[in-house]
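This report concerns only the one structure given below.
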Protein chains: 2
Amino acid sequence: MTATSDAEHALRGASLRVTRPRVAVLAAVHEHPHADTDAIIRAVRSGTGGVSTQAVYDVLRALTSAGLVRRIEPAGSVARYEARVGDNHHHVVCRSCGAIADVDCAVGAAPCMAASDDHGFSIDETEVTHWGVCPDCTTAHSP
Amino acid sequence: MTATSDAEHALRGASLRVTRPRVAVLAAVHEHPHADTDAIIRAVRSGTGGVSTQAVYDVLRALTSAGLVRRIEPAGSVARYEARVGDNHHHVVCRSCGAIADVDCAVGAAPCMAASDDHGFSIDETEVTHWGVCPDCTTAHSP
DNA sequence: GCGTAATTTGGAACGATTCAAGATTGGTAA
DNA sequence: TTACCAATCTTGAATCGTTCCAAATTACGC
Ligand SMILES: [Mn+2]
Ligand SMILES: [Mn+2]
Ligand SMILES: [Zn+2]
Ligand SMILES: [Zn+2]
């Protein structure tokens, strides 16, 4: 199973047409977790064949609404995408360099943390973001 | 104690110069929890005296770094500000209309939820955002 | 092979935020 | 009180990521 055939399978499973841009973008997101649009564009273009910027934006939106990728928007960051979906995992973000790492949910099921008072909202997802400083930045700033 | 004199006190306590824009913006944030910059600008201008857009942005940044207000950025939303600081509370956001309500932390102290694996990050804050549909939107969409 | 969805190309527009440079003013020390 | 000066405000333009537009071309799926 190559990354490409995985991507083709996933696209068909979501009733999305299998096109070169879609396969390339989905594979790139798999290979570069939490990458932003620009990084994905560069990854796709470093592979075979050119893809227009517009196509990447369009594809990312299609993949996101199909549930094949997840879009996250940490405060102060542009949109980032990942292929780990449906497992209710969370993130830890470096305040210094923006690095993002996955954090498994301590509870497991979504929503992982019931609100003490939901104010009548019907909650379907709970997003947890831990903020701190990554090991690299900690080392760099305390010599 | 008027809202204005409260704001002046808070500014002095934070060693910030007391200026008309700062007093007005801080009072507006107190009066309009989770308001965005544009709403704050309108609130300030509806009061006495004009204030430049740039001044409001500068003031909000100064107040945020002084810890007098908190800036939150729910995904898909512009920056919003609130005066409830230091109590580690969380938020529930309506996917339909963007309404935001406070949710007290179920644990109490910060960080309210230890990461299962912090990947070596030194975490100083954990942000929890519940996503759902508010009562008004639920009513409106299911007649 | 057809019909239509998707992509390309080139561009314009967008809104929130930021930058730059000069004018004003709050706090403080003389 | 007064003068000083860095901090703050005003004005106007620029930046950024992203979206949207429209027309022509391609190519997927049946
Ligand atoms: Mn992740
Ligand atoms: Mn709040
Ligand atoms: Zn870092
Ligand atoms: Zn709502």
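Predicted, not measured: the structure shown is a model, and the values here were computed from it. We use all heavy atoms of the structure for the numbers below, so side chains are in, but hydrogens, waters and symmetry mates are not. Throughout, protein chains are lettered first and strands after them, A, B, ... in sequence-line order, and every chain is numbered starting at 1.
Distances shown here put every side-chain N or O of A/R20 at or beyond 4.0 Å from the OP1 or OP2 atom of C/dT7. Phosphate contact (OP1/OP2 of C/dT7, side-chain N/O of A/T19, threshold under 4.0 Å): present. A sub-4.0 Å separation between OP1 or OP2 of C/dT25 and a side-chain N or O of B/R17 is absent. For C/dA16, neither phosphate oxygen OP1 nor OP2 lies less than 4.0 angstrom from any side-chain nitrogen or oxygen of B/R61.
The nearest whole Å value for the distance from the CG atom in B/L11 to the P atom in C/dT25 is 18 Å. Rounding to whole angstrom units, CG of residue B/D58 and C1' of C/dT25 are separated by 15 Å. Protein atom CD of A/E73 is 14 Å distant from nucleotide atom P of C/dA16, rounded to whole Å. Distance, A/I40 CD1 to D/dG17 P: 14 Å, rounded to whole Å. Atom-to-atom, CZ of A/R22 to P of D/dC28 comes out at 11 Å; the value is rounded to the nearest Å. Distance CG (B/L16) to P (C/dT28): 12 Å, rounded to an integer number of Å. Here the P atom of nucleotide D/dT19 and the CD1 atom of A/I41 are 11 Å apart, to the nearest Å. Taking atom CG on A/D38 and atom P on D/dT18, their separation rounds to 9 Å, with Å as the unit.
Side chain of A/E8 to backbone of A/V23: no donor-acceptor contact under 3.5 angstrom is found.
Two residues, A/V18 and B/S15, neighbour DNA chain D, and the one matched to the more 5' nucleotide by heavy-atom proximity is B/S15. Residues B/R12 and B/R71 both approach DNA chain C. Their nearest nucleotides, taken by heavy-atom distance, put B/R71 toward the 5′ side. Annotation: of the two residues near DNA chain C, A/V59 and B/T53, the 5′-most nearest-nucleotide partner is A/V59.
Using modelled atom types, one finds no donor on one side chain facing an acceptor on the other under 3.5 Å when comparing A/H119 with B/D102.
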(request) Mind running side-chain contact (heavy atoms from CB on, under 4.5 Å) on A/V93 and B/F121 for me, showing each step along the way? (result) CA-CA 8 Å; A/V93 184; B/F121 283 60; 5.9 Å; no
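Here the side chains of A/R42 and A/H32 are not in contact, with every heavy-atom distance at 4.5 Å or above.
Out of D/dG12, C/dA16, C/dT9, the shortest distance to the side chain of A/Q54 is found at C/dT9. For A/Y57, the listed nucleotide lying nearest its side chain is D/dG17; candidates were D/dC9, D/dG17, D/dA6. Relative to the side chain of A/T37, the nucleotides D/dT10, C/dT17, D/dT18 differ in distance, and D/dT18 lies closest. Considering only side-chain atoms of A/A55, the nucleotide from D/dG29, C/dT8, D/dC9 that sits closest is C/dT8. In the set D/dT18, D/dC9, C/dA16, the nucleotide with an atom closest to the side chain of B/V78 is C/dA16.
Electrostatic pairing of A/D87 and A/R70 does not count as a salt bridge here, judged by no charged N lying under 4.0 Å from a carboxylate O. Ion pairing of A/E73 with A/R71 is present here, as a side-chain N (NZ or NE/NH1/NH2) and a carboxylate O approach within less than 4.0 Å.
B/A79 comes within 4.0 angstrom of the backbone, heavy atoms only, and of no base.
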